[in-house]
2 protein chains.
Amino acid sequence: MAVDRDLVLRTAAALLSRKGTATLDEVAQAAGISRATLHRHFAGRDALVRALEDLAIAECEAALDAARLEEGPAADAVRRLVGGIEPSAGLLAFLYTENQLFEGAEQNAGWARMDARMNALFRRGQESGEFRIDLSPVWLTEALYGLFASAAWAVSEGRVARNDFTHLIVELLLGGASRRERS
Amino acid sequence: MAVDRDLVLRTAAALLSRKGTATLDEVAQAAGISRATLHRHFAGRDALVRALEDLAIAECEAALDAARLEEGPAADAVRRLVGGIEPSAGLLAFLYTENQLFEGAEQNAGWARMDARMNALFRRGQESGEFRIDLSPVWLTEALYGLFASAAWAVSEGRVARNDFTHLIVELLLGGASRRERS
DNA sequence: ACCTGATGAGACACTGACGTCTCAAAAAAG
DNA sequence: CTTTTTTGAGACGTCAGTGTCTCATCAGGT
């Protein structure tokens, strides 16, 4: 048997991305296991969310690596990055809203690492003259998260086509972040 | 005595914008009234959220009116609109995430009205040639909500300055939505 | 000064979700 | 086949949040 922990996590991610308040019963049922077994693998809801964070961070850091942020024009790096993160967008959206509820609890250090790398990318774009400098890297990073969440939600609501996901985000973000061409 | 219902609502909005899971006790305490009195004015949490929706929708529709979306360049109308909605952004962010949890429950018709007006604004901008046409009005509207939420959260986290709020949103959104100048 | 109505404080029961436990059945290992 | 481990089903008890109720208190109007 040996429940496939990773499969459980991915099923939970898919469910919680759609319904953030899903019960542990629902999570277990969605994963095709009993609540008892779910509890044997994840001590509780907190532990499950932490595991999802770890999964999301691992996926995103892999995407960050694969996007080769230091190579070529920053705009192209952003395109590669968004495309690489797309599969994790639903999970990311869930965790993004979930983090707003963590009042005092300490954040997973992985988020800070991701933020730092994204900030660096946007800063590189600014220093190379590709991106405008009146929008701070911090804000661009924050906005990118927001656009991911918006797009993921809009897709799950059927308001935009899943195929357009990356294009919509990249075009809107870069259009704003890129320096305007001469008029 | 006659509790100031509007003041209670605004206090609740301010609290829930920061902590979406706040207890009714906390809401009542923040408003300086007892939970019993809170219950006398709002039948329950649902009713409170509905009232907050009505408040937010009223404020946003007032902002939509004040922004005179039909006048002048669409870009300027967007600027006026974002500036007008800014005071409601925190509340809007709370309701935006809250709506993801409303599974089957029917949505307040006001959201559809707002969406329609924003869609119309972006469509007007496209038809006048100001905005690019490869980003649909629906997506632009959705993205605007997302940017509102991101910015509101970033401000409350201290990551961006409150004074920059409107500028950051407008510049990022319009930079993406506006047609690129000839290069 | 007297009523009337609203408020605050608290008690109470209810509900849903959670965490823990047991035990039999099923799967894997030997 | 036997042993060991894992799982499923369900039965608890717990807890937080909620909805409802009562009653004493207090403000305001008359």
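What you see is a predicted model; the values in this text were computed from it and never measured. Note: hydrogens, waters and symmetry copies are ignored here, and every other heavy atom, side chains too, is used.
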Protein-proximity profile, nucleotides 9-22 of chain D, B/S/- by nucleotide at the 4.0 Å heavy-atom cutoff, equals B-B-----SBBB-B
What pairs with A:Arg113 under salt bridge (Lys or Arg N to Asp or Glu O under 4.0 Å), at least two apart in sequence or on another chain?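 For A:Arg113 the salt bridge (Lys or Arg N to Asp or Glu O under 4.0 Å) partners, ignoring immediate neighbours, are A:Glu61.
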Restricting to salt bridge (Lys or Arg N to Asp or Glu O under 4.0 Å), what partner residues turn up for B:Glu98, sequence neighbours left out?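 With sequence neighbours excluded, B:Glu98 shows a salt bridge (Lys or Arg N to Asp or Glu O under 4.0 Å) to no residue whatsoever.
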Would you give me the side-chain donor-acceptor pairs under 3.5 Å for residues 68-78 of chain B, sequence neighbours excluded?
residue, atom, partner, partner atom, Å
B:Arg68, NE, B:Glu71, OE1, 2.9
B:Arg68, NH1, B:Ala66, O, 3.4

* To do: Please state how far atom CG in B:Leu38 lies from atom P in C:dG10, giving the value in whole angstrom units.
  =>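 Going from CG in B:Leu38 over to P in C:dG10 covers 17 Å.
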Rounding to an integer number of Å, can you tell me how far B:Arg5 CZ sits from C:dA6 P?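 Atom-to-atom, B:Arg5 to C:dA6, this comes out as 15 Å.
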Ring pair (Phe, Tyr, Trp, His ring centres under 6.0 Å) contacts in which one or both residues fall within residues 52-85 of chain A, not counting sequence neighbours:
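Sorted pair list comes back empty.
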Fill in: Residue pairs fulfilling ring pair (Phe, Tyr, Trp, His ring centres under 6.0 Å) with at least one residue in residues 12-39 of chain B, sequence neighbours excluded
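Every pair satisfying ring pair (Phe, Tyr, Trp, His ring centres under 6.0 Å) with a residue in residues 12-39 of chain B: there are none.
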TODO: Give a yes/no on whether any side-chain N or O of B:His41 is located under 4.0 angstrom from OP1 or OP2 of C:dA6.
DONE: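 Answer no for this pair, as no side-chain N or O of B:His41 is under 4.0 Å from OP1 or OP2.
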